[in-house]
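Read the numbers this way: they start at 1 and go in the same order the structure lists the ligands and their atoms.
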Amino acid sequence: MHRKPVIFCDFDGTITLRDNIIAIMKHFSPLGWEEIKDQILDQDISIREGVGKLFSLLPSSARKEVTEFALQQAEIRPGFEMFLTILKQDEIPFYIVSGGIDFFVDPILEPFNLEQAHVFRNESDFSKEFIQILWPHPCTEDCDVDCGLCKTSIINSYSKKNDFRIMIGDSVTDLAAAKLADLVFARGYLLEKCKELGLRYHAYDTFDDILQVLKTRPWEYQQLWEELTEAKELFARRDWFPGTSGNLSVRTKCDPLQFLVTASGKDKSKTTNEDFLLVNDQSQSCYVTDLKPSAETSIHEAIYSKLGAGSVLHVHTIYNNLISDLYFEQNGVEFQHIELIKAFNLWDEDAEIKVPIVHNYANIPKLTEEVLSVLDVRVPGVLIRNHGIYAWGKSIFEAKKHLEAFEFLFELRYKRLVISQVKSLI
Ligand SMILES: CSC[C@@H](O)[C@@H](O)C(=O)COP(=O)(O)O
Ligand SMILES: [Zn+2]
């Protein structure tokens, strides 16, 4: 059973296009506000101390003027309304975690009818000469950064271990929360930090960009992502990805076909949060991303579509290259009377298997056609001459079993050939 999604979303600069506190301070420009801003950004003072100092520069008598300005300049990021509608339809819990202040957060959000219990923001007190900020959601033992409104503590108290945590944000105040998340939607400073820290992220401009990814339901294929990563790390330990070669995939959906595939040109011996992307039955990414799917994605797609495989694994090894060339003229390489043939669910004592071998066309559509022409549901693999092997199965486990069996058979055959050559020389 997969984990359930829960979404935590920043307000200033995420739901609204601009940071409202900075907009207020720029507009009213109280003496000394910029020094305080710089102290916050330079992390010389905590966010709580800095925001408290900023608002203490404004007289409470300016409440009406400040509130009206905040509302007048606030602009909601495109797609937010539809985003909320889809979350409601799919019953995905949504929490706003904002370092903003109630006197502008609440009226800006009012048209969206959000449950007040799902909106976390700081509060204000206009009873004294200057504006005072109140901190109903301070840091708990989970955080010692003196955030003011502590997103880390809120996420930890409002999401369970088995939740798939999603964070949407834009600034330094969202970074601690992003590090807790399984998936981050980031822009601006937060996007740069996600790239720098290797967090699993998607860039966004609008909430439509976020919806495009959420519609693929990443929490439902998270387990497959992790299983494919495990197989990839094992193959990497075997040095099966020389020179960025190799590509792996796992089907996440049947109808319409969708599958995770390794990103093209990456060093598959390394594990990052950008190792795979989700593609459709046209071998195109299901969402906007800088990543390119494997150059050989169409071969994976052909195997899924024709044979209904669950996972497709492609590696270039010395032995599969040698065997593919030695037996190319015979259109394939046959094996019999080797115990490991049972790995292909062939149990007869005299069972034999012939692994087809095709020409290595540089033109991928042509190569895909060639592979399609020899696909045989009884033989879960095909060799490409002087290139590598594609092996598949109904799951990552079975595809890995088949790939390992093929590589065993190739190495065994090659070494037997060498031995017989040596014997013939003695
Ligand atoms: C760089 S050599 C290997 C590539 O040409 C290709 O055959 C391959 O296996 C990896 O391609 P990729 O696009 O990274 O999935
Ligand atoms: Zn290849």
S.K.: Which option wins on minimum heavy-atom distance to atom 12 (P) of ligand 1: K268, E296, K266?
M.R.: K268
S.K.: Could you go through the side-chain contact (heavy atoms from CB on, under 4.5 Å) check for V119 and R121 one step at a time?
M.R.: CA-CA 6 Å; V119 178; R121 76 284 184 260; 4.0 Å; yes
S.K.: For atom 11 (O) of ligand 1, what's the nearest protein heavy-atom neighbour? Residue, atom name and distance, please.
M.R.: N247 ND2, 3.8 Å
S.K.: Please could you name the atoms of ligand 1 that G265 approaches to less than 4.0 Å, counting only its heavy atoms?
M.R.: 12 (P), 13 (O), 14 (O)
S.K.: Please could you name the atoms of ligand 1 that S294 approaches to less than 4.0 Å, counting only its heavy atoms?
M.R.: 12 (P), 13 (O), 15 (O)
S.K.: Under 4.0 Å from any heavy atom of S245, which atoms of ligand 1 are there?
M.R.: 3 (C), 9 (O), 10 (C)
S.K.: Strictly below 4.0 Å, N to O, side chains only: are R217 and D90 in salt-bridge contact?
M.R.: yes
S.K.: Report yes if the side chains of V312 and L248 come closer than 4.5 Å at any heavy-atom pair, otherwise no.
M.R.: no
S.K.: Which atoms of ligand 1 sit under 4.0 Å from any heavy atom of G243?
M.R.: 1 (C)
S.K.: Measure across H402 and W392 and return the closest heavy-atom pair with its distance rounded to 0.1 Å.
M.R.: ND1-O, 2.7 Å
S.K.: Using a strict 4.0 Å cut-off to heavy atoms of A295, name the atoms of ligand 1 that fall inside it.
M.R.: 12 (P), 13 (O), 15 (O)
S.K.: Do Y201 and N273 make a side-chain contact, defined as non-hydrogen atoms from C-beta onward lying under 4.5 Å apart?
M.R.: no
S.K.: If I consider every N, O or S atom in H316, which one ends up closest to the Zn ion (ligand 2)? I only need its name.
M.R.: NE2
S.K.: Any idea which heavy atoms bring P293 and S264 closest together, and the distance?
M.R.: O-CB, 3.3 Å
S.K.: Which atoms of ligand 1 are found less than 4.0 Å from any heavy atom of H314?
M.R.: 9 (O)
S.K.: Go through ligand 1 atom by atom and flag the ones less than 4.0 Å from a non-hydrogen atom of T244.
M.R.: 1 (C), 10 (C), 14 (O)
S.K.: Considering only heavy atoms of G246, which atoms of ligand 1 have at least one such atom less than 4.0 Å away?
M.R.: 8 (C), 9 (O), 10 (C), 15 (O)
S.K.: Tell me the protein heavy atom at minimum distance from atom 13 (O) of ligand 1, and give that distance in Å.
M.R.: S264 OG, 2.6 Å
S.K.: Between E296 and H314, is any side-chain donor less than 3.5 angstrom from a side-chain acceptor?
M.R.: yes
S.K.: If you compare all heavy atoms of N280 against all heavy atoms of S285, which two are closest, and at what distance to 0.1 Å?
M.R.: ND2-O, 4.5 Å
S.K.: Please work out, at 4.0 Å between heavy atoms, whether the side chain, the backbone, both, or neither of H316 comes within that distance of ligand 1.
M.R.: side chain
S.K.: Is the centre of the F80 ring less than 6.0 Å from the centre of the F112 ring?
M.R.: yes
